[in-house]
Trainee: 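I have a structure I would like to understand better, so I am pasting it below and will then ask my questions one at a time.
Quick note: numbers below take in every heavy atom, side chains included, and nothing from hydrogens, waters or symmetry partners.
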Amino acid sequence: KLQETKDAWDADLQVLEETRVQIARLEDNLRRELDSKKRVETMLRSYKDEVETLNEALKIAALDIAQAAGEQLESDEEDEGEEHVDGDQATGLSASKPKSNAPKAPTTIFVSEDGTYRVNQDRD
């Protein structure tokens with residue numbers, strides 16, 4: 001009977017040791033998974049910051065382009081006005097056209113979140 005108890009005791013000790021080894025292995029796997037998760041979260045945070053920076057740069061570029069387009073549009077309109085006056089003088093017309101003192105319609109530039117824009121001539 002004493003031998004049976006000793007054998008049962010030894011078997012329990014072996015199961016206990018195997019369980020300890022399994023626990024250590026699982027804890028090691030858990031630690032590696034947590035480290036991996038932290039690295040992925042850090043990388044994701046970095047990518048999100050980069051996307052935010054690029055979005056801001058895109059918006060700034062779109063606003064700059066829209067402003068330049070508006071200035072170019074105004075410049076083209078002024079050039080067209082000068083061409084009409086120059087064209088009249090070139091054909092020998094002596095009567096000058098009266099200049100309109102009416103204010104120019106303002107130009108509105110709409111910039112979308114994706115960076116595209118459109119130019120509207122506001123009409124009163």
Trainee: Whether K6 and D10 form a salt bridge (side-chain N of Lys/Arg under 4.0 Å from carboxylate O of Asp/Glu) is what I want to check.
Mentor: yes
Trainee: Tell me whether L58 is reachable from I60 by hopping between hydrophobic residues (I, L, V, M, F, W, Y) whose side-chain heavy atoms are closer than 4.5 Å.
Mentor: no
Trainee: The criterion is side chain to side chain contact (heavy atoms under 4.5 Å, CB included); which residues satisfy it with V21, sequence neighbours excluded?
Mentor: E17, R25
Trainee: More than 12 non-hydrogen atoms from neighbouring residues, nucleotides or ligands closer than 6.0 Å to CD on E52, yes or no?
Mentor: no
Trainee: Between CD of Q72 and CD1 of I65, what distance do you get to the nearest 0.5 Å?
Mentor: 13.5 Å
Trainee: Mind checking the CG-CH2 spacing from L16 to W9? Nearest 0.5 Å is all I need.
Mentor: 9.0 Å
Trainee: Looking at CD of Q14 and OG1 of T19, how far apart are the two atoms once the value is rounded to the nearest 0.5 Å?
Mentor: 10.5 Å
Trainee: Counting N and O atoms only, with roles assigned by atom type, does the side chain of T53 sit under 3.5 Å from a partner on the main chain of D49, one being a donor and the other an acceptor?
Mentor: yes
Trainee: Under 3.5 Å, sequence neighbours excluded: what are the donor-acceptor pairs made by side chains of residues 26-36?
Mentor:
| residue | atom | partner | partner atom | Å |
| --- | --- | --- | --- | --- |
| D28 | OD1 | R31 | NH2 | 2.1 |
| D28 | OD2 | R32 | NE | 3.3 |
| D28 | OD2 | R32 | NH2 | 2.2 |

Trainee: Roughly how far, to the nearest 0.5 Å, is the CD atom of E50 from the CE atom of M43?
Mentor: 14.0 Å
Trainee: Sub-3.5 Å donor-acceptor pair from the side chain of S46 to the main-chain atoms of T42, do we have one?
Mentor: no
